[in-house]
Number of protein chains: 4
Amino acid sequence: MQSRTSPTRAGRPRSAAADAAILAATRAALVELGWSKLTLGDVATRAGVAKTTLYRRWAGKNELVVDAVAELFDELRLPDRGSLAADIEGVVLQFAAILARPEAKSGLMAVVAESTRDEALRERIRASIVERQKRLVLEGRARAQARGELPLEEHPEEASRTADLIFDVVAGAVVHRTLFSAEPADEEWVRSFTRVLLTGLSSSTP
Amino acid sequence: MQSRTSPTRAGRPRSAAADAAILAATRAALVELGWSKLTLGDVATRAGVAKTTLYRRWAGKNELVVDAVAELFDELRLPDRGSLAADIEGVVLQFAAILARPEAKSGLMAVVAESTRDEALRERIRASIVERQKRLVLEGRARAQARGELPLEEHPEEASRTADLIFDVVAGAVVHRTLFSAEPADEEWVRSFTRVLLTGLSSSTP
Amino acid sequence: MQSRTSPTRAGRPRSAAADAAILAATRAALVELGWSKLTLGDVATRAGVAKTTLYRRWAGKNELVVDAVAELFDELRLPDRGSLAADIEGVVLQFAAILARPEAKSGLMAVVAESTRDEALRERIRASIVERQKRLVLEGRARAQARGELPLEEHPEEASRTADLIFDVVAGAVVHRTLFSAEPADEEWVRSFTRVLLTGLSSSTP
Amino acid sequence: MQSRTSPTRAGRPRSAAADAAILAATRAALVELGWSKLTLGDVATRAGVAKTTLYRRWAGKNELVVDAVAELFDELRLPDRGSLAADIEGVVLQFAAILARPEAKSGLMAVVAESTRDEALRERIRASIVERQKRLVLEGRARAQARGELPLEEHPEEASRTADLIFDVVAGAVVHRTLFSAEPADEEWVRSFTRVLLTGLSSSTP
DNA sequence: CCGTAACCGAGACGGTACGTCACGTCTTGAG
DNA sequence: CTCAAGACGTGACGTACCGTCTCGGTTACGG
């Protein structure tokens, strides 16, 4: 006969599941509490884990939140809608949808704020969020070039700089719209943005 | 006849000097400590003021930092450099210079992060930072229209939406470049950005 | 079979040394500062302990001071000096000596004052100070009855009421002499008091 | 030529009504809040008076409360009930009734506690409360001597010491019964106390 | 009957302590 | 060894009063 007090308490290796549980608990806490009221003690409780376990794996709140948020952006997919404009609209809408989620908004901006004073954190964000999603720009450009919508790049260095710039413009615009202007990046806005991005301000309005 | 709610309230009036000292101390603390390690007690000490004085005037850290940061952006001026492209480059460089300052970076992002869970704070940011600087877009466009570089708008509502969009694109791009990509928004970058903004991606690269 | 609410609770156990250090620090602070200027932060510092540790164990200043003061009265011993009068004089002098100590004066009166508005505190004082020392009256009476100096009680309830009354008279007189009249309860006063207690006012003065 | 330190000082005289209002407000606050939660700001508000007015007249909370409480004991009257025992019972019951009032309990004990560390306060209490009520002992003794219930004193110094002792015993017993034992000093208790006071413990119980 | 000096209310000020909370570390017992 | 539980020292929080200090305004004497 077994002890009543340990119905599911079967032995050792929880270690593997713990990481996922902690990151999920972190996102849940971000939704409910926001970054500044999120506490590691609370995350540990939600994840059914001791505080010490948590500190064994992450240096602190910032690192934990970066990892928890980074996973969110891996859902992004570049759709094939037949034209560059439509592809951009599609991916920007996806990005806007993710940024509209409270755990993304609150967590992302906070760690970026923290990263201004923490070189290691800045690098962690760049590597696991920014660089990781830059693939979308590269794929999109390649596809547009294949379609003949964009000219082929000649100098690879120049190509890289341009990709970075486009990423800054696209991601920056959505972030600013969503968080600073506090307006939804909805279909209408995305259409207008895409037109400006592709044709510029100088072109006469249709 | 005078207002019944007396023009000079009873009791000792609030020290005018204190406000300025507190905001300056807040910026100094942001530079040295960053947002998350900034404490109101420390700000009070730096300003030579009691903590209670600080709480009498601001609801908390967030509101204080918004006010302290908002003042930074009032330095922005739209230069008249003779062409729309040059004007944009000029103002974007100024904006980039301000955003490069540690008190702006750390403070601005953090309050935006907080604002995702605080409607009043979001409105405060919009009013005292975002809307306040939108004037630059409006002036710039008017000047470009006077020069014939941009067509006159026909529908005022459409004009307003476009101004908002341009502001999101410009400010967003600088913010993303500076904070997410963690690269300087230097003259070269600003030139590239301005070209994309004015002519779009579709135009063949020179 | 063991208790289900485990005999040794989980987690790090409370430091045994801390309790003693805190009570000693409390008495030291009472001596130096008195009750009203005693702060829990200061007690914690003196005891080499964090403020939170203190709050984990006591509900507040009052409860802490009661415990610190209660220990003082446990020194009281009923001497055997051969006669009821001599025994009373001996114990009253001891009691006066304790009450003359600043930590006792200041602390005891203050918590009694507080207890007028706090039922739980009143009960704590009664249990850990008043009832605890009533033993002296009971022992003294038993000894005097053994010597034939006092008649045996017949009704136990009456005996209890009388013991309470004697305790009120003895302790009250010393308290009043020491604190209200602010005069020392010295040997001469104790002798006079004992004579009145034993023979009453009506007896002609020798 | 007039005195330079004018007999009636120049300027607006202090409001006579304010003093009474403040003392009444102090007692009301003692009833509602007790000593430790009584604040001078609150007393000022209750009295319809500015805090500064209050500080102009009293040095602090302690002095104010002494004055407020002292007035309570001036109600005490020595009744003429025909015998020493009956007179004592009468006055002790009156004293017990006053001490049962929350403003007396809370305020009196607290200032006595404070007085253990403040010579001036100790003297103020002695003068305006203790000495002031000692008259009851003197009158009572004189009346009992006139009736032949007590012998005449021969040495005036001895007489004074005895009066002090009796006051300590009587007042102390009531205080201890009421506040330390936290039991009512009701008629039955007062009768028992009076019998012990007059005949002593050695006398066999009737 | 007018000046003036001390009073008054209101309330902001620099402080101190409060009691709470989260931090990140540590110490225990169980497995 | 790793884990959960939880106590620990530290330090900031936001609040409440302290006693002091301006303020503008109001008496009531005394010249």
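Because the structure is a prediction, the values reported are computed rather than measured.
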J.: Among residues two or more places apart or on two chains, list those pairs meeting salt bridge (Lys or Arg N to Asp or Glu O under 4.0 Å) that have a residue in residues 102-114 of chain B.
T.: Arg101(B)-Glu103(B)

J.: Could you measure the distance from the CG atom of Leu64(B) to the CG atom of Leu38(B)? Nearest 0.5 Å is fine.
T.: 7.5 Å

J.: Who passes side-chain hydrogen bond (donor to acceptor under 3.5 Å, both in side chains) against Arg122(A), sequence neighbours left out?
T.: Glu119(A)

J.: In whole angstroms, how far is the C1' atom of dG9(E) from the CG atom of Leu54(D)?
T.: 13 Å

J.: Taking only the side-chain heavy atoms of Ala10(C) (C-beta and beyond), determine which of dA10(E), dA5(F), dG14(E) contains the nearest atom.
T.: dA5(F)

J.: For DNA chain E, what residues of residues 14-47 of chain B have any heavy atom nearer than 4.0 Å?
T.: Arg14(B), Ser15(B)

J.: Could you list all the salt bridge (Lys or Arg N to Asp or Glu O under 4.0 Å) pairs where at least one residue sits in residues 10-33 of chain B, not counting sequence neighbours?
T.: Asp19(B)-Arg57(B), Arg27(B)-Glu71(B), Glu32(B)-Arg46(B)

J.: Looking at dC23(E), dG19(F), dC13(E), which one has an atom nearest to any side-chain atom of Tyr55(A)?
T.: dC23(E)

J.: With sequence neighbours excluded, tell me which residues meet salt bridge (Lys or Arg N to Asp or Glu O under 4.0 Å) with Asp118(D).
T.: none

J.: Could you give the NZ-to-C1' distance, from Lys61(C) to dC18(E), as a whole number of Å?
T.: 10 Å

J.: For Arg124(C) and Asp67(C), run side-chain contact (heavy atoms from CB on, under 4.5 Å): C-alpha distance rounded to whole Å, both residues' side-chain angles, the deciding distance at 0.1 Å, then the answer.
T.: CA-CA 9 Å; Arg124(C) 191 184 192 110; Asp67(C) 287 8; 3.1 Å; yes

J.: Between Gly60(A) and Thr52(B), name the one whose nearest nucleotide on DNA chain E is closer to the 5' end.
T.: Thr52(B)

J.: Both Arg12(D) and Arg56(C) contact DNA chain E. Taking the nearest nucleotide for each, which residue is further toward the 5' end?
T.: Arg12(D)

J.: Looking at residues 103-120 of chain C, who's got a heavy atom less than 4.0 Å off DNA chain E?
T.: none

J.: Roughly how far, to the nearest 0.5 Å, is NZ of Lys37(D) from OG of Ser106(D)?
T.: 11.0 Å

J.: Considering only side-chain heavy atoms of Thr53(C), which listed nucleotide, dC8(F), dT28(E), dG15(E), is closest?
T.: dC8(F)

J.: Strictly distance-based, threshold 3.5 Å: is any side-chain N or O of Thr45(C) a donor or acceptor partner for the main-chain N or O of Gly41(C)?
T.: yes

J.: Return yes if the base of dG24(E) and the side-chain atoms of Lys51(A) contain a donor-acceptor N/O pair under 3.5 Å, otherwise no.
T.: yes

J.: Rounding to a whole Å, what distance do you find between Arg57(A):CZ and dT2(F):P?
T.: 10 Å

